[in-house]
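Below: one structure, written as structure tokens.
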Number of protein chains: 2
Amino acid sequence: MNTAVRPTFRALNTYTKLMRAAESVTGRVSRFMAAANLTISQFGVLEALHHKGPLCQRDIGAKILKSTGNITLVIDNLEKHGFVRRERNTDDRRYFTVHLTQTGAELISRVFADVEAAIVAEMSLLSEKDQELLGELCKKLGARRE
Amino acid sequence: MNTAVRPTFRALNTYTKLMRAAESVTGRVSRFMAAANLTISQFGVLEALHHKGPLCQRDIGAKILKSTGNITLVIDNLEKHGFVRRERNTDDRRYFTVHLTQTGAELISRVFADVEAAIVAEMSLLSEKDQELLGELCKKLGARRE
DNA sequence: ATCATATAGTTTAATATTAAACTATATGAT
DNA sequence: ATCATATAGTTTAATATTAAACTATATGAT
């Protein structure tokens with residue numbers, strides 16, 4: 001009886017801890033983004049451009065896993081602040097290519113370094129071996145398809 | 001040199017996988033909430049009331065880790081749909097006690113069962129031992145204070 | 001009673017987030 | 001050229017989310 005109940009309890013327990021960990025870490029890391037007046041999604045867009053170079057909105061959305069409507073809004077606001085600019089793609093006029101401005105490039109370069117350091121600090125709570133282990137376990141969960 | 005770089009790479013890698021796992025699992029689990037026309041936060045409120053009984057808004061907010069302003073909105077909408085009702089606390093008029101209605105209690109009872117089953121299915125990607133392990137690792141990350 | 005301080009919950013302003021409907025653009029078949 | 005289909009990005013509607021300012025209530029000191 002108790003054995004029959006336990007798998008559910010274990011799963012719920014693990015799930016709750018996973019959710020709490022993700023939110024907790026995100027909360028602390030995102031403070032460095034907020035210090036630069038960037039939201040999590042704004043940072044995500046800038047980071048994608050920083051690492052991958054100019055991208056169309058569809059690809060940005062795919063990279064940071066957000067809907068088309070949301071991408072439009074986030075990029076609108078980034079454009080409003082002068083961090084990115086849109087250029088109509090000449091080969092296919094349905095596309096915009098989003099570029100970092102000089103201002104945006106300098107900002108993300110600096111903020112990314114802060115965020116990176118914060119992530120390293122967060123993960124330092126675990127040994128290197130445990131970090132690898134956590135990564136592997138999460139990889140299994142994150143890769144599920146339907 | 002490569003050894004000096006690796007700790008950062010590892011931490012970023014683990015962080016990314018943790019975030020992806022959390023979002024991925026949440027995305028699939030929340031579909032059962034959405035099937036009942038409940039948002040994640042609405043479900044969270046109803047679940048808290050379901051398990052803990054009537055609570056004041058402050059305590060609900062603490063349980064699901066949301067701001068006071070947000071709690072007001074989420075509960076407003078739940079009240080609008082007839083799932084909860086607020087009652088002014090007679091001992092201290094600053095407080096509302098939030099109660100599940102009959103409709104709300106029946107709904108959360110059903111939806112919670114679906115969500116629970118979904119979580120078990122998600123976690124079943126890992127062995128029982130790995131579920132325990134993941135839980136322990138996440139617990140360490142989630143417990144950090146500043 | 002008055003004042004200082006604290007707290008529950010609301011309001012405000014800015015931004016985020018989704019699904020669905022929509023507009024503009026592209027491609028292929030006829 | 002016309003029509004069918006697909007796709008990038010926008011708009012719409014509903015809801016979420018936060019911090020900060022605010023209102024109402026409570027408590028303790030004077």
Side-chain angles (χ1 to χ4, degrees), chain A residues 19 22-24 26-46 54-81 83-99, chain B residues 19 22-24 26-46 54-81 83-99:
Chain A
M19 294 302 126
E23 288 208 15
S24 179
T26 298
R28 289 189 291 274
V29 168
S30 63
R31 288 201 191 112
F32 294 91
M33 305 173 199
N37 292 305
L38 292 176
T39 63
I40 291 178
S41 291
Q42 288 174 355
F43 176 83
V45 171
L46 294 177
L55 294 168
C56 63
Q57 287 178 209
R58 183 197 60 176
D59 288 346
I60 293 172
K63 176 104 174 71
I64 69 174
L65 302 172
K66 301 294 182 186
S67 68
T68 59
N70 189 227
I71 290 293
T72 298
L73 179 77
V74 172
I75 290 175
D76 281 350
N77 284 319
L78 285 172
E79 203 172 27
K80 187 165 68 177
H81 291 295
F83 299 141
V84 304
R85 67 175 197 279
R86 286 177 170 98
E87 283 181 13
R88 185 68 79 175
N89 186 310
T90 48
D91 293 333
D92 184 335
R93 293 177 51 80
R94 292 174 302 183
Y95 289 78
F96 278 114
T97 304
V98 184
H99 301 251
Chain B
M19 294 302 125
E23 287 207 16
S24 180
T26 298
R28 289 189 291 272
V29 168
S30 63
R31 288 201 190 112
F32 293 91
M33 306 174 197
N37 293 307
L38 291 177
T39 64
I40 291 178
S41 290
Q42 287 173 356
F43 176 84
V45 171
L46 294 176
L55 294 168
C56 64
Q57 288 179 206
R58 183 197 61 176
D59 288 346
I60 293 173
K63 176 102 176 72
I64 68 174
L65 303 173
K66 301 292 181 185
S67 68
T68 59
N70 191 226
I71 289 294
T72 296
L73 181 77
V74 173
I75 290 175
D76 280 351
N77 284 319
L78 285 171
E79 203 173 26
K80 186 167 66 177
H81 292 295
F83 298 142
V84 305
R85 68 176 195 279
R86 287 176 170 99
E87 282 181 15
R88 186 66 81 174
N89 187 310
T90 46
D91 292 334
D92 184 334
R93 293 177 52 79
R94 291 175 303 183
Y95 288 78
F96 279 113
T97 304
V98 183
H99 300 252

Nucleotide interval of DNA chain D bounded by contacts with chain B (heavy-atom cut-off, under 4.0 Å)
D:dT15 to D:dA26
When all nucleic acid strands are considered with a 4.0 Å heavy-atom cut-off, which category describes B:Thr39: base, sugar-phosphate, or nothing?
sugar-phosphate
So which one's nearest nucleotide on DNA chain C is more toward 5', B:Gly69 or A:Ile40?
B:Gly69
Could you check B:Phe83 against B:Leu38 for side chain to side chain contact (heavy atoms under 4.5 Å, CB included), going step by step and ending with a plain yes or no?
CA-CA 11 Å; B:Phe83 298 142; B:Leu38 291 177; 4.1 Å; yes
Paired stems touching DNA chain D, three or more consecutive Watson-Crick or G-U pairs with both distances under 3.5 Å?
C:1-30 with D:1-30
Under 4.0 Å, heavy atoms only, any strand: does B:Arg86 hit a base, just the sugar-phosphate, or nothing?
sugar-phosphate
Quick one: side-chain hydrogen bond (donor to acceptor under 3.5 Å, both in side chains) pairs with a partner in residues 59-78 of chain A, sequence neighbours left out?
A:Asp76-A:Arg86, A:Asn77-A:Lys80
Can you check side chain to side chain contact (heavy atoms under 4.5 Å, CB included) on B:Gln57 and B:Tyr95, steps first, answer last?
CA-CA 8 Å; B:Gln57 288 179 206; B:Tyr95 288 78; over 6 Å; no
What verdict does the side chain to side chain contact (heavy atoms under 4.5 Å, CB included) test give for B:Leu78 and B:Val45, after you've listed the backbone C-alpha separation in whole Å, the side-chain angles of each residue and the deciding distance to 0.1 Å?
CA-CA 9 Å; B:Leu78 285 171; B:Val45 171; 3.6 Å; yes
So which heavy atom on B:Gln42 is nearest to which on B:Asn37, and how close?
OE1-O, 3.8 Å
Over all heavy atoms of both residues, which pair between A:Met19 and B:Ala22 is shortest? Give the atoms and the distance, please.
CE-O, 3.7 Å
What closest approach, in Å, do A:Ser41 and A:Ile64 show between heavy atoms, and which atom pair accounts for it?
O-CD1, 4.0 Å
If you assign A:Arg58 and B:Leu73 each to the DNA chain D nucleotide with the nearest heavy atom, which residue ends up on the more 5' nucleotide?
A:Arg58
Treating A:Arg88 as the side-chain partner and A:Phe96 as the backbone partner, does any N or O pair qualify as donor plus acceptor under 3.5 Å?
no
On DNA chain C, nearest-nucleotide positions of A:Asn89 versus A:Asn70: which is more 5'?
A:Asn70
